[in-house]
Amino acid sequence: MKIQSLRGMPDLFPEDLEKWHIFELKLLEIFNSFNTNEIRTPLVEFTELFARSVGNSSDIVNKELYSFLDRNEESICLRPEGSASVIRAVIQKKQEQDKHKLWYQGPMFRYERPQKGRYRQFHQIGVEYLGFEEGTSEYELIAMVLQIHQSLGIQDYTIKINHLGDAQAKEKFCTSLVSFLEPQIEELHEKDQARLKSNPLRVLDSKEKSTQELLKNAPKFQDFISEKSKRFLKDLVNAFKDQCNIQIDQSLVRGLDYYTGIVFEIVSTELGAQDAFLGGGRYDNLSNQLGGKDMHAIGFAIGVERIIELLNVKHTSQPLKVGFIIAGEQIDKKTYKIANDLRSANKSIILDTFLSEGSLKSHLRRANKNNCNFVIIIGDDELKNNQAIWKDLCEDGDQELLSFKELIDKYTNL
Ligand code: HAM
């Protein structure tokens with residue numbers, strides 16, 4: 001029996017990763033230009049971290065966590081997201097009073113039902129700004145998101161945005177929503193009846209028709225948040241509405257309990273059912289909830305598998321590729337020295353060495369298939385005379401015999 005990978009945990013082969021590399025390079029450029037620095041936290045954390053942050057009643061903790069007891073009988077889990085770990089790390093380093101602009105990337109784990117765009121191991125690239133109160137940081141993060149779209153050539157997207165008010169406003173709204181829905185609970189879809197009990201705000205983003213119908217007359221967030229919050233949301237939307245499709249969505253609450261203030265999600269009609277490729281918002285209370293000092297926090301995370309689907313960019317310039325063929329009977333350590341010297345002489349060229357045995361013809365066929373521009377051939381005779389054949393694969397197959405020194409010079413100046 002062959003061993004398979006776990007369901008919803010796909011392998012990524014070189015051809016799958018071409019776009020990922022372009023994406024990562026472009027994002028690194030943008031993060032650098034915003035003076036945002038990388039943080040790496042472990043893939044495994046105590047389960048308590050996510051129970052206290054993302055929320056015990058959220059689907060992510062309640063149903064989707066990969067948690068298990070370790071050998072010491074402690075409940076640990078594979079991280080389902082990155083923000084809680086970043087806050088935990090900053091509290092642990094006693095740096096809540098400083099200002100941080102951080103980014104991270106890596107795999108996240110959620111035991112969801114796999115389908116297109118939804119995996120059990122998926123990847124996020126996220127940004128967290130810590131120590132900045134509501135104000136310019138919201139503007140800066142939306143500006144960063146726009147830069148990301150522009151640099152990746154993504155055009156079809158909508159930014160949905162909402163303001164959840166402070167913790168008290170959120171609480172009051174929640175109580176009022178429950179009082180409104182409870183007498184009509186029978187009319188809610190079955191799934192939403194359960195949500196109303198465990199996590200009432202999630203009823204708002206239900207896709208069920210019967211629930212949506214009921215919600216038309218339900219209390220609205222707008223009636224519970226302060227005038228200041230309403231104005232802030234409006235100003236933020238106005239500042240960006242000429243540059244992108246940005247819309248206030250009062251039913252947007254997001255699936256993680258830690259948010260207060262601005263929340264946003266970006267969707268694309270090109271993605272099908274799993275249409276959100278970025279989500280984020282402010283979560284000023286999380287540091288306190290995790291035992292840390294007061295610390296403002298706002299951020300977002302991109303679902304890499306989803307954004308890759310939308311990518312509209314190619315490598316602008318492909319590096320030159322040279323095949324290195326050892327065609328002799330005898331493999332000599334001198335040939336490896338040459339290959340190493342060539343790589344040191346010009347690092348911008350890809351030197352593709354053909355390592356297995358085979359005829360010169362089959363090596364040349366491989367070099368063509370691998371899109372080599374040139375090949376270097378070293379057979380027994382050439383090796384004896386410290387020479388190599390340089391062959392052009394792009395044009396009419398011109399070739400010349402070069403001394404090792406001439407070869408290095410040619411390669412250096414290619
Ligand atoms: P989230 O909305 O749960 O937010 O996840 C962010 C993004 O990760 C989603 O928009 C989606 O693109 C992607 N994603 C989530 N689950 C899956 C899955 N099963 N398969 C594929 N992609 C998925 C967070 O995780 C927050 N930590 C974001 C944040 C950072 N808020 C503030 N700072």
Side-chain angles (χ1 to χ4, degrees), residues 6-10 12 20 23 36 39 41 45 49-50 53-55 58-66 78-88 90 100-130 132 137-138 140-142 144-145 148 154 157-162 164 199 202 205 252-268 270-287 295-310:
L6 272 68
R7 197 163 161 243
M9 299 203 180
L12 294 163
W20 287 57
F23 168 70
T36 303
I39 180 167
T41 60
E45 297 273 5
L49 174 65
F50 300 105
S53 54
V54 174
S58 68
D59 284 354
I60 295 176
V61 169
N62 207 10
K63 299 193 202 141
E64 298 165 4
L65 213 56
Y66 274 91
L78 299 179
R79 62 181 184 190
E81 59 105 48
S83 317
S85 303
V86 169
I87 298 294
R88 196 256 323 124
V90 171
H100 307 267
K101 293 181 176 180
L102 301 169
W103 67 270
Y104 55 87
Q105 69 170 331
M108 307 291 161
F109 304 84
R110 297 184 191 175
Y111 196 87
E112 296 191 77
R113 197 168 47 79
Q115 63 179 85
K116 188 175 177 295
R118 189 162 73 192
Y119 307 96
R120 290 183 172 172
Q121 175 176 315
F122 61 98
H123 296 76
Q124 285 186 346
I125 286 199
V127 173
E128 313 293 353
Y129 272 28
L130 310 180
F132 303 94
S137 46
E138 272 82 353
E140 173 144 323
L141 287 187
I142 302 283
M144 184 189 282
V145 161
I148 293 174
I154 297 175
Y157 66 91
T158 304
I159 304 181
K160 298 196 287 185
I161 191 161
N162 196 14
L164 302 183
N199 197 351
R202 292 300 281 171
D205 32 53
L252 182 71
V253 287
R254 311 254 312 120
L256 305 94
D257 286 357
Y258 49 58
Y259 294 111
T260 52
I262 288 289
V263 287
F264 51 95
E265 211 161 81
I266 309 192
V267 294
S268 170
E270 286 176 32
L271 285 177
Q274 301 305 317
D275 60 353
F277 61 93
L278 184 151
R282 180 167 283 281
Y283 54 102
D284 282 346
N285 296 324
L286 186 54
S287 177
M295 179 169 61
H296 294 290
I298 179 170
F300 65 82
I302 298 174
V304 181
E305 282 80 357
R306 294 188 192 170
I307 204 169
I308 291 289
E309 288 285 308
L310 304 172

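Atoms within each ligand, like the ligands themselves, are counted from 1 in listed order. Just so it is clear, the values below take in all heavy atoms, side chains as well, and ignore hydrogens, waters and symmetry mates.
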Numbered in order shown, the ligand 1 atoms found under 4.0 Å of a heavy atom of Ala301 are 6 (C), 7 (C), 28 (C), 29 (C), 30 (C)

Hey, does Tyr104 come in under 3.5 Å of ligand 1, counting only N/O atoms on both sides? no

Do the side chain of Arg306 and the main chain of Ala276 share a donor and acceptor less than 3.5 angstrom apart? yes

Full working for side-chain hydrogen bond (donor to acceptor under 3.5 Å, both in side chains) between Tyr104 and Thr41: CA-CA 8 Å; Tyr104 55 87; Thr41 60; over 6 Å; no

Protein residue, atom and distance nearest to atom 19 (N) of ligand 1, heavy-atom basis: Glu112 OE2, 2.7 Å

Can Ile148 and Phe300 be said to form a side-chain contact (heavy atoms from CB on, under 4.5 Å), step by step? CA-CA 12 Å; Ile148 293 174; Phe300 65 82; 4.2 Å; yes

May I ask you to list the atoms of ligand 1 that are less than 4.0 angstrom from any heavy atom of Leu256? 3 (O), 4 (O)

Note: ligand 1 atoms sitting under 4.0 Å from heavy atoms of Gly303 are 7 (C), 8 (O), 12 (O), 13 (C)

Is any side-chain heavy atom of Leu278 closer than 4.5 Å to a side-chain heavy atom of Ile159? no

Report the nearest protein non-hydrogen atom to atom 33 (N) of ligand 1: residue, atom name, distance rounded to 0.1 Å. Glu128 OE1, 2.8 Å

Numbered atoms of ligand 1 (with element) below 4.0 Å of Gly279, judged on heavy atoms: 10 (O), 28 (C), 29 (C)

Do Phe132 and Glu140 touch side chain to side chain, with heavy atoms closer than 4.5 Å? no

How far is atom 31 (N) of ligand 1 from the closest protein heavy atom, and which atom is that? Tyr259 OH, 2.7 Å

Got the closest protein heavy atom to atom 12 (O) of ligand 1, with its distance? Ala276 O, 2.9 Å

Say whether, by atom type as modelled, one donor and one acceptor occur between the side chain of Asp284 and the main chain of Ala297 under 3.5 angstrom. yes

Is it the case that Tyr66 and Gln121 place a side-chain donor and acceptor less than 3.5 Å from each other? no

Taking atom 14 (N) of ligand 1 as the reference point, the nearest protein heavy atom with its distance: Phe122 CE1, 3.5 Å

Measuring from atom 21 (C) of ligand 1, which candidate in Gly255, Pro80, Gly117 has the nearest non-hydrogen atom? Gly117

For residues Glu305 and Tyr119, is any side-chain donor paired with an opposing acceptor at under 3.5 Å? no

Polar atom proximity, Tyr283 to ligand 1 (N or O, under 3.5 Å): no

Between Leu278 and ligand 1, which residue portion shows a heavy-atom distance shorter than 4.0 Å: side chain, backbone, both, or neither? backbone

What residue and atom, counting heavy atoms only, is the protein's closest point to atom 27 (N) of ligand 1, and at what distance? Glu81 OE1, 2.6 Å

Is there side-chain contact between Lys116 and Glu309, with heavy atoms separated by less than 4.5 Å? yes

Considering only heavy atoms, does Gln124 approach ligand 1 within less than 4.0 Å through its side chain, its backbone, both, or neither? side chain

Please report whether ligand 1 has a polar contact with Ile302, defined as an N or O pair separated by less than 3.5 Å (distance criterion only). no

Report the nearest protein non-hydrogen atom to atom 32 (C) of ligand 1: residue, atom name, distance rounded to 0.1 Å. Gly299 O, 3.2 Å

Selected option - heavy-atom contact closest to atom 4 (O) of ligand 1, from Glu305, Arg118, Arg254: Arg254

Do Glu81 and Tyr258 have side chains that approach each other closer than 4.5 Å (heavy atoms only, starting at C-beta)? yes

Protein contact to atom 20 (N) of ligand 1 [nearest heavy atom, distance to 0.1 Å]: Tyr119 N, 3.0 Å

Determine, stepwise, if the pair Ser137 / Arg282 fulfils side-chain hydrogen bond (donor to acceptor under 3.5 Å, both in side chains). CA-CA 10 Å; Ser137 46; Arg282 180 167 283 281; 3.1 Å; yes

Atoms of ligand 1 under 4.0 Å from any heavy atom of Gly280, numbered from 1 in the order shown, are 31 (N)

Donor-acceptor under 3.5 Å (Arg202 side chain, Ser58 main chain): no

Heavy-atom check, side chain of Val90 versus side chain of Met295, under 4.5 Å: yes

Within reach of ligand 1, part of Tyr258 (heavy-atom separation under 4.0 Å): side chain

